[in-house]
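A short worksheet on the structure shown next.
Note: hydrogens, waters and symmetry copies are ignored here, and every other heavy atom, side chains too, is used. By convention in this document, chain letters (A, B, ...) are assigned in the order of the sequence lines, proteins followed by strands, and residues within each chain are numbered from 1.
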Number of protein chains: 2
Amino acid sequence: MSPQHNPSKRPLTLRDVSEAAGVSEMTVSRVLRNRGDVSDATRLKVTKAAKMLGYVPNKIAGALASQRVNLVAVIIPSMSNMVFPEVMTSISEVLDETPLQPVIGVTNYLPEKEESVLFEMLSWRPSGVIIAGLEHTAAARAMMQNADVPIVEIMDLDGDPIDAIVGVSQRRAGREMAEAIIEQGYRKIGFMGTNMPLDHRARKRFEGFTEALAKAGIEIADQEFYSGGSALVKGREMTEAILKRSPDLDFLYFSNDMIGAGGLLYCLANGIDVPGQVGLAGFNGVELLDGLPKQLATMDAERHQIGRIAAQIIAARANGEEVEARIELTPKLQFGDTLKR
Amino acid sequence: MSPQHNPSKRPLTLRDVSEAAGVSEMTVSRVLRNRGDVSDATRLKVTKAAKMLGYVPNKIAGALASQRVNLVAVIIPSMSNMVFPEVMTSISEVLDETPLQPVIGVTNYLPEKEESVLFEMLSWRPSGVIIAGLEHTAAARAMMQNADVPIVEIMDLDGDPIDAIVGVSQRRAGREMAEAIIEQGYRKIGFMGTNMPLDHRARKRFEGFTEALAKAGIEIADQEFYSGGSALVKGREMTEAILKRSPDLDFLYFSNDMIGAGGLLYCLANGIDVPGQVGLAGFNGVELLDGLPKQLATMDAERHQIGRIAAQIIAARANGEEVEARIELTPKLQFGDTLKR
DNA sequence: ATAATTCGTGTTAGCGGTAACATAGTTGAA
DNA sequence: TTCAACTATGTTACCGCTAACACGAATTAT
């Protein structure tokens, strides 16, 4: 009873199944959705007929009729930064236990792209939206406010959420890193980051960082920015450049772990004593760091938790449950081997 | 004229816009889709009204009525392996130039999960399917055959495609790597890979590899497998284990670059002469390798090309164009610094 | 035994759009 | 002038499914 190749080109509908099974379309619909009372005998007839024909229900029609859609829009800036696929993985894990299904949209960090992706996704009337960050165009905000579905903004916590929010305070993360660095006695601090004015999270971390330094009467001694290319290579190159230019730096703060790892590898290869001569720290707590010769100091951005909780909020709301709308997670500082004297 | 917060909870429909603009629903539909002749005056009235109300069209209804869906199902085994997000990125790049939009499904390398994800996606009647690999359950194959949309199987090339196929021959990739290794004079060869019987591409590479070795009268001298955890760490650990157990190995072939990088770092840290004492090679050509102290030999799996071409095939077919159905790409061997004597 | 439930199935009327055709005005060529 | 051809808009009939209700048969309660 393997599915037959549909001979007429006409796509199969409930009617085809119902005729094959000798029952009404409604009964087939009930069987296929496991809803309502159907006798075992008819249930069997119907499943048999459906399988034999190779019937695949049309969710478009179903969604229109029932006003229910099991899709959750997930909007992220990029797939090249492992952070976002990781968040996605956690979201998927949670939604796998529910009838909901994630649909991913990528914005490339462009607000207008975000707006158009959002518009596109909302036009499928999803059961919820998970979106990275708090900065959106006015139109995007308005769309989300009017959409009448749960909206969860993730990753960041510094700003006004539209609805629910799950993340870490990026400012605080930058601040705490600065405080730890100062506490360890480092004073001549260099910063390396991405050249992306639209990466608001990186920007806020930097602001928190400099703010805390300022409170201790310290200023960034030198800085370096990059864009594009392999982050590991860029980290290497920037570290070389900054140390040649400012040999008296005693600490390098990298805005992400990949460039931090590049910096670490550069120092190790060039006999620079880490953390004696120069201390190093990154951000994110990516798994990769575990495999490096030395453990880079970093701060875990809690992205698995974030994905998990965001998905749970959507799932709960989809069931009509009320849930707390603001979840602040605490980024955990890991000193590793590169941040101590 | 910023969008008003919809006062009645009832979601907006074309009718609301049409009433606000004083025209028929059909005219609004025409304006919003840029189809058919509409006078500039009415066009303006309509866009104004739509914007004012904050109207978001309902694609579900639209898709049902027009029998057209702009979604492309993309089914991949995992998001944790950077290879797949990279393919996704290329697919997105191409589809961004079209009205089509990718929808991602993740199978976790499980055939049954693949089947259910596929079923779910097909029930949204996408305009095409891009799916990793050639191994599917019978039911999954049947569904794709009956779906009457373009299907592109990607990454692999060794097997019978359902429709179109874009990829590299994994067997050949393994074979060519083996031949290069032998050519360089290595003879005592160790293999390290994942413990995943369902990763068919890794399996085929391994088969091609051993086959070519056999042709030269060589057998794998020792092997090691891992599952889960940080690939970089595992590469390190496995390398240590295999070299302790079989100190006479003169080459280590890793089934992916991450464990290869771990192996490389281990060797460097332990003063093992690479490639003098031991040669190393991985697979995939991941960007990360560029940042390591030594360039690991690898073979580029052409995943950006694969994503791009797969998306182009779908886009062309969606326009009714005929396109070649079998694209074989050639994995390029990169000797790097770890495969020569 | 008879009414009140429950069970299993069918019927009807949309869901919110769009294809296809219909219909006035307008324009322009014969 | 007269009618074919076009322009701008409207009307109608679905797309494939499900909510809501209807209804006879079977079961249970009284």
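Looking only at atom types and distance, the side chain of A:T89 has no donor-acceptor partner in the side chain of A:S92 under 3.5 Å away. Judged purely by distance below 3.5 Å, without hydrogens or angles, the side chains of B:H136 and B:E153 pair a donor atom with an acceptor atom.
In this structure, A:T27 does not reach the C:dG8 phosphate: none of its side-chain N or O atoms is under 4.0 Å from OP1 or OP2. Contact check, B:S24 against D:dT11: no side-chain N or O comes under 4.0 Å of OP1 or OP2. At C:dT9, one or more side-chain N or O atoms of A:T42 fall inside 4.0 Å of OP1 or OP2 (strictly under the cut-off).
The structure places OH of B:Y109 at 10.5 Å from NE2 of B:H200, a figure rounded to the nearest 0.5 Å. From B:T107, atom OG1 reaches atom CZ of B:F84 across 8.0 Å, with rounding to the nearest 0.5 Å.
As rounded to whole Å, 15 Å separates atom P of D:dG16 from atom CH2 of B:W124. A straight line from CG of A:D37 to C1' of C:dG8 spans 7 Å, rounded to a whole angstrom. Computed from coordinates, the B:D16 CG to C:dC15 P distance equals 12 Å when rounded to whole Å.
More than 12 heavy-atom neighbours from other residues, nucleotides or ligands sit within 6.0 angstrom of CZ on B:R33. Residue B:E322 places its CD atom among 12 or fewer non-hydrogen atoms of other residues, nucleotides or ligands, all under 6.0 Å distant.
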**Study point:** Nucleic acid footprint by protein, nucleotides 16-28 of chain C - heavy-atom cut-off 4.0 Å, B for base, S for sugar-phosphate alone
**Key:** BBSBB--------
